[in-house]
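Note on naming: letters A, B, ... go to the chains in the order of the sequence lines (proteins, then strands), and numbering restarts at 1 for each one.
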There are 2 protein chains.
Amino acid sequence: MNARDLQIQASVTAEMVIFTIRSERLAVLLRRRDKTPYAGCWGLPGGRVHADETLEQAAVRQLAEKTGITGVYLEQLYTFGDPARDPRGRVIAVSYYALVPYNRLKVQAQPSELAWHRVDALPPLAFDHGKIVAMAQERLCAKLDYSTIALQFMPEKFTLSELQAVYESILGEALDKRNFRKRVQALDCLEDTGEQFRAGKHRPAKLFRLKTPGRVEIIK
Amino acid sequence: MNARDLQIQASVTAEMVIFTIRSERLAVLLRRRDKTPYAGCWGLPGGRVHADETLEQAAVRQLAEKTGITGVYLEQLYTFGDPARDPRGRVIAVSYYALVPYNRLKVQAQPSELAWHRVDALPPLAFDHGKIVAMAQERLCAKLDYSTIALQFMPEKFTLSELQAVYESILGEALDKRNFRKRVQALDCLEDTGEQFRAGKHRPAKLFRLKTPGRVEIIK
DNA sequence: CCAAGTTAGTGTCTTTCCAACACTATGTCA
DNA sequence: TGACATAGTGTTGGAAAGACACTAACTTGG
């Protein structure tokens, strides 16, 4: 056996961990598999990388094809390449995670093989996808502390209470309202739209928007 | 053209960014290429992933084969897969970075195609290796702030002044001696060996060692 | 043997950042 | 118009971080 025999020609896939906030919970989009292996099991949306595209382009394409969503935050997470992770052969999974604003959930209207699942109550997942989701959640939590990544979950206009609810959903703990607002103001990322949001029988809230919508800043 | 034609069977390589501290400077190990493309050019050590090994095993093997170094800190960095990054075909580069204590530089005795280069004075590198090194350096700098990763550069026994010099090398700025020592003590990662280190005509310094040598803690 | 030179090692004070905490404002609805 | 619900706002105390200068211990040379 010469060295050549040991080298691999592998399939390369982009696997997408697509997060959003639904009903005040962090949720991830899963697809029910119709083919073996793991037929009937839930797994991450994803698919093979094409010959003429970059890894990031493949990720963007997967996101668009599977969900119709474009223009959202996307970041490479990690690459999984255990020889035994797919029984069909050597498959290198380059994982990405995406953050989808919670008013853009057109996905619900899609075929029923796609569904949102709360990350704190996931079914068993195909392949090593459980590990991938866990790592994505860890990364997301860590980034809350030192970046403005959470703003990528927000729709175009939103209230500060809504934003606080998003932070609380991801962190899984309640935050002090005044301290939260102080910190957010200090970021200098939001601007008052001048509009108000009326919900229920109480004082309406100011609506804010991002000064630079796509931008994620590193803070502290 | 059907979908099959668009799918790739790619080569997968592990590319190693191997850092150390030499002469108070952050340095990276490069290999001079003898084959086309980029013959004669400096590039990262690395090579193809074998069929029966995980990505991490491939990285560990590359490190051992190229440098003889084992048992050092190693972490996956990022995966580069631009279709044009290698003129010979589609090559997916899974990059890792490693931290080598600065007394373990047996590498110098190795064939001359391997050499340490200061990261602040790199030659032009083959492929996209310049981008890979830049990203590794960025990651390393970031981790200095919120982990004990810098301790992985230290030999078994070392003085606090040596440790401070390592931090200063990586950050590229001088630190206050008293504040530095205060912070290090607070980490509670070091223990006094009871031994002293005599260098030059001045007061000898205490030698410390890591309480848990391999461990990298997340702090703050 | 002692004076000069060199690095090791140590504490305080000030400033800044973070956490705890409660009330008023503005709307709806009965 | 009073009850109710969420929006919005400042102050204070404690902890952590940053600025800052001197003494300790050893070597070497006169």
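- Rounded to a whole Å, the CZ atom of A:Phe180 is 18 Å from the C1' atom of D:dG10.
- The ring-ring contact (aromatic ring centres under 6.0 Å, His included) analysis of residues 126-150 of chain B, with sequence neighbours excluded, yields the pairs B:Tyr38-B:Phe127, B:Phe127-B:His129.
- Within the structure, side-chain hydrogen bond (donor to acceptor under 3.5 Å, both in side chains) contacts touching residues 132-143 of chain B (residues at least two apart or in different chains) are B:Glu75-B:Arg139, B:Glu75-B:Lys143.
- In this structure, the ring pair (Phe, Tyr, Trp, His ring centres under 6.0 Å) partners of B:Phe180, at least two apart in sequence or on a different chain, are B:Tyr167.
- Each of A:Gln196 and A:Arg183 was assigned the nucleotide of DNA chain C with the nearest heavy atom; the assignment lying further toward the 5' end belongs to A:Arg183.
- Both A:Lys182 and A:Arg198 lie close to DNA chain C; mapped to their nearest nucleotides by heavy-atom distance, the more 5′-ward contact belongs to A:Lys182.
- Within residues 143-158 of chain A, no residue places a heavy atom under 4.0 Å from DNA chain C.
- Proximity of A:Val17 to A:Tyr96: side-chain heavy atoms (C-beta onward) are nowhere separated by under 4.5 Å.
- Residues forming a salt bridge (Lys or Arg N to Asp or Glu O under 4.0 Å) with B:Arg198 (at least two apart in sequence, or on another chain): none.
- Annotation: side chain to side chain donor-acceptor pair (under 3.5 Å) contacts of A:Lys177 (sequence neighbours excluded): none.
- Judged as a salt bridge (Lys or Arg N to Asp or Glu O under 4.0 Å), and not counting sequence neighbours, A:Glu24 has no contacts.
- Residues passing the salt bridge (Lys or Arg N to Asp or Glu O under 4.0 Å) test with A:Asp145, sequence neighbours excluded: none.
- Each ring-ring contact (aromatic ring centres under 6.0 Å, His included) pair with one or both residues in residues 187-208 of chain B, not counting sequence neighbours, would appear here, but there are none.
- For DNA chain C, the contact window with chain B, defined by any atom under 4.0 Å from a protein heavy atom, covers C:dG5 to C:dT12 in 5' to 3' order.
- B:Glu191 meets the salt bridge (Lys or Arg N to Asp or Glu O under 4.0 Å) test with B:Arg209; sequence neighbours excluded.
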Letter per nucleotide, 5' to 3', of nucleotides 2-9 of chain D [B base touched, S only sugar-phosphate touched, - untouched; heavy atoms, 4.0 Å] = ---BBBBB

